[in-house]
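Please read these numbers as outputs of a predicted model, since none were measured by experiment. We use all heavy atoms of the structure for the numbers below, so side chains are in, but hydrogens, waters and symmetry mates are not.
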Amino acid sequence: MPLVQRSPEHLVAVGDVDLCVTTFGDRRQPPVVLPCTSRLFWADRFCDRLAGAGRFVLRYDIRDTGRSTAYATGSPGYSLRDLVLDIIGLMDVFELPRAHLVGFSVAGWICQLAALDHPDRMSALTLINTRPTSPGPADSDLPEHSDRIVEFFKTAADPDWSDRAAVIDYGVEQARVRAGTLGFDEQEARQQMTQMVDRTTNMASSMRNLAFVEAGGRWRERLGDIAVPTLVVHGTDDPFFPYGNGQAMAREIPGASLLPLNGIGHELPATSWDQLLAAMLVLQPESVIGEGVGQQAGRGASTA
C-alpha cells in the first residue's frame, strides 16, 4: 500500500463546539466521513487502507467523546440533530460539497438523519450495526437488546470514573459482552480502551450522555426517501442491535444492499475489514470528487 498522508489530530471549531479531527489521504479524492463515539474506533490501519484505496478520510470524535467538547455527565447540551449539523459543519470547513458517510451503532443514527435532512450533501451511506429507531424501546417488529446486554447494564455498577484502571476494566467488560461467537480479543479491547481513556476529556460523559440525548422525532417512516447508494452492514450475532434491525433497514431503504458479518457481534474486528472495505468502495464512484476543494482547513481550526 502506498504511503498515506495523515494529519495530526487537531481541533476544528464548528459553531460553538470543538471537534477533534484527523484526516487521511489526498483531499482531491472522494471524501469519506467517519463519525463515532471516539475516533479511535476507526483504527489508523483501517483509515490508511481506505485512503490508500483512493479516498480522502475525515475521522472525528463526536461531542462528549475523545478531545471534542464535553458536557456535564447526565446533561448533554445537544440533540441528535445537533450532531447531524456537526457533520455538515465539518464538511463546510473542509469544503466538501458531498461525502460518503459511514456510521457504526449510535453514529448510524446520525448518518441516517444526515442523509434524510441534507440529501444534497450525501454521495453514499454505510450503516453498520445500527437500527432505524431512536433511543428507547425498539419498534414491536424489531428485535430488542439481547438478554445478556440487558443483564449487564442492570447488574454492572459504574466504575469510579477517577480510577483509570477501573474505567478501563469496565470498558473491556462492555466490549466482552458485545462480542459475537467468533470470539473476543481481550488484549486488543484493553489496548483500545486504554487509548480512549487516556485521551478523553470526561469518560463518564463519554460513556453515559448519549443515553440522554433527544432524537427530535422518529425517522424510520422516512427511510424510503433516502436516495443515495446505501450499504447496510450488520453482525449476525450482534446482541446490542440484533441482526433483524439491519435486515429491516435494508428492506426499507430503496436499493440498499445488506452485508451480513457472520458471527460478528456489536463490534468491527479487523477480520471483517476486507469484506467491509470491498463493499464500501463500490458505493462511491471515483468520479465523485469534492469539486471546489480548497486548501487544508485552517478556517475555524486550531491544532491542539
Side-chain angles (χ1 to χ4, degrees), residues 1 3-14 17-70 83-96 98-111 114 121-130 191-193 195-196 198-201 206 210 231 233 267-270 272-273 276-277 280-281 283-284 290 293 296-297 300-304:
M1 186 179 69
L3 184 65
V4 170
Q5 180 180 357
R6 183 190 303 172
S7 78
E9 69 172 36
H10 55 287
L11 296 178
V12 175
V14 176
V17 300
D18 290 328
L19 301 175
C20 188
V21 174
T22 308
T23 64
F24 299 75
D26 186 339
R27 294 194 60 209
R28 294 170 296 181
Q29 299 299 325
V32 179
V33 178
L34 304 174
C36 202
T37 51
S38 174
R39 68 177 188 82
L40 293 181
F41 175 84
W42 300 107
D44 287 348
R45 290 180 295 124
F46 178 88
C47 297
D48 283 340
R49 287 185 59 180
L50 187 53
R55 300 295 185 268
F56 173 67
V57 179
L58 193 160
R59 176 185 74 177
Y60 74 99
D61 298 316
I62 68 169
R63 302 190 198 193
D64 264 328
T65 70
R67 297 180 61 226
S68 292
T69 295
L83 299 181
V84 169
L85 293 176
D86 289 347
I87 291 181
I88 302 304
L90 271 180
M91 291 172 61
D92 289 344
V93 170
F94 282 86
E95 300 180 352
L96 306 176
R98 292 184 294 158
H100 177 175
L101 299 190
V102 183
F104 177 92
S105 188
V106 172
W109 292 340
I110 303 167
C111 292
R121 305 300 300 272
M122 306 296 115
S123 60
L125 187 63
T126 296
L127 304 171
I128 308 171
N129 283 36
T130 188
Q191 180 180 23
Q192 185 180 64
M193 191 64 195
Q195 291 173 333
M196 288 182 182
D198 287 346
R199 66 176 298 278
T200 297
T201 301
S206 179
L210 282 171
L231 171 67
V233 182
E267 56 191 340
L268 198 64
S272 66
W273 292 356
L276 174 60
L277 287 166
M280 283 174 55
L281 289 169
L283 277 188
Q284 187 183 35
V293 171
Q296 183 71 19
S302 62
T303 301

Parallel, tilted or perpendicular: which describes the rings of F46 and W273, with under 30° parallel and over 60° perpendicular?
-> perpendicular

So how far is it from [X] [atom1] to [Y] [atom2], rounded to the nearest 0.5 Å?
X	Y	atom1	atom2	value
L101	I110	CG	CD1	10.0 Å
L40	E9	CG	CD	8.0 Å
F56	H100	CZ	NE2	15.0 Å
L50	R45	CG	CZ	14.0 Å
D64	T200	CG	OG1	10.0 Å
S105	L268	OG	CG	11.5 Å

Just by modelled atom types, is the [Y] backbone N or O under 3.5 Å from a matching donor or acceptor in the [X] side chain?
X	Y	value
D61	R67	yes
T130	F104	no
S123	R98	no
R59	F24	no
T65	S206	no
R63	V17	no

Shortest non-hydrogen contact from [X] to [Y]?
X	Y	value
S68	C20	OG-N, 2.8 Å
V102	C111	C-SG, 3.9 Å
T22	S7	CG2-O, 3.1 Å
G108	L127	O-CD2, 3.7 Å
C36	A107	CA-CB, 4.1 Å
V84	A114	CG1-CA, 3.7 Å

Flag the pair D48 and R6 as a salt bridge only when some basic side-chain nitrogen lies within less than 4.0 angstrom of an acidic carboxylate oxygen.
-> yes

Close side-chain approach of M91 to P31, heavy-atom, < 4.5 Å = no

May I ask you to test the R55-L277 pair for a side-chain heavy-atom distance under 4.5 Å?
-> no

Kindly determine whether I62 and D86 satisfy side-chain contact (heavy atoms from CB on, under 4.5 Å), including the steps that lead there.
-> CA-CA 8 Å; I62 68 169; D86 289 347; over 6 Å; no

Kindly determine whether I87 and Y60 satisfy side-chain contact (heavy atoms from CB on, under 4.5 Å), including the steps that lead there.
-> CA-CA 9 Å; I87 291 181; Y60 74 99; 2.9 Å; yes

Determine the sole option in L85, L58, L96 for which the side chain to side chain contact (heavy atoms under 4.5 Å, CB included) test with L90 is passed.
-> L58

Steps toward side-chain contact (heavy atoms from CB on, under 4.5 Å) verdict (V57, W42) | CA-CA 11 Å; V57 179; W42 300 107; over 6 Å; no

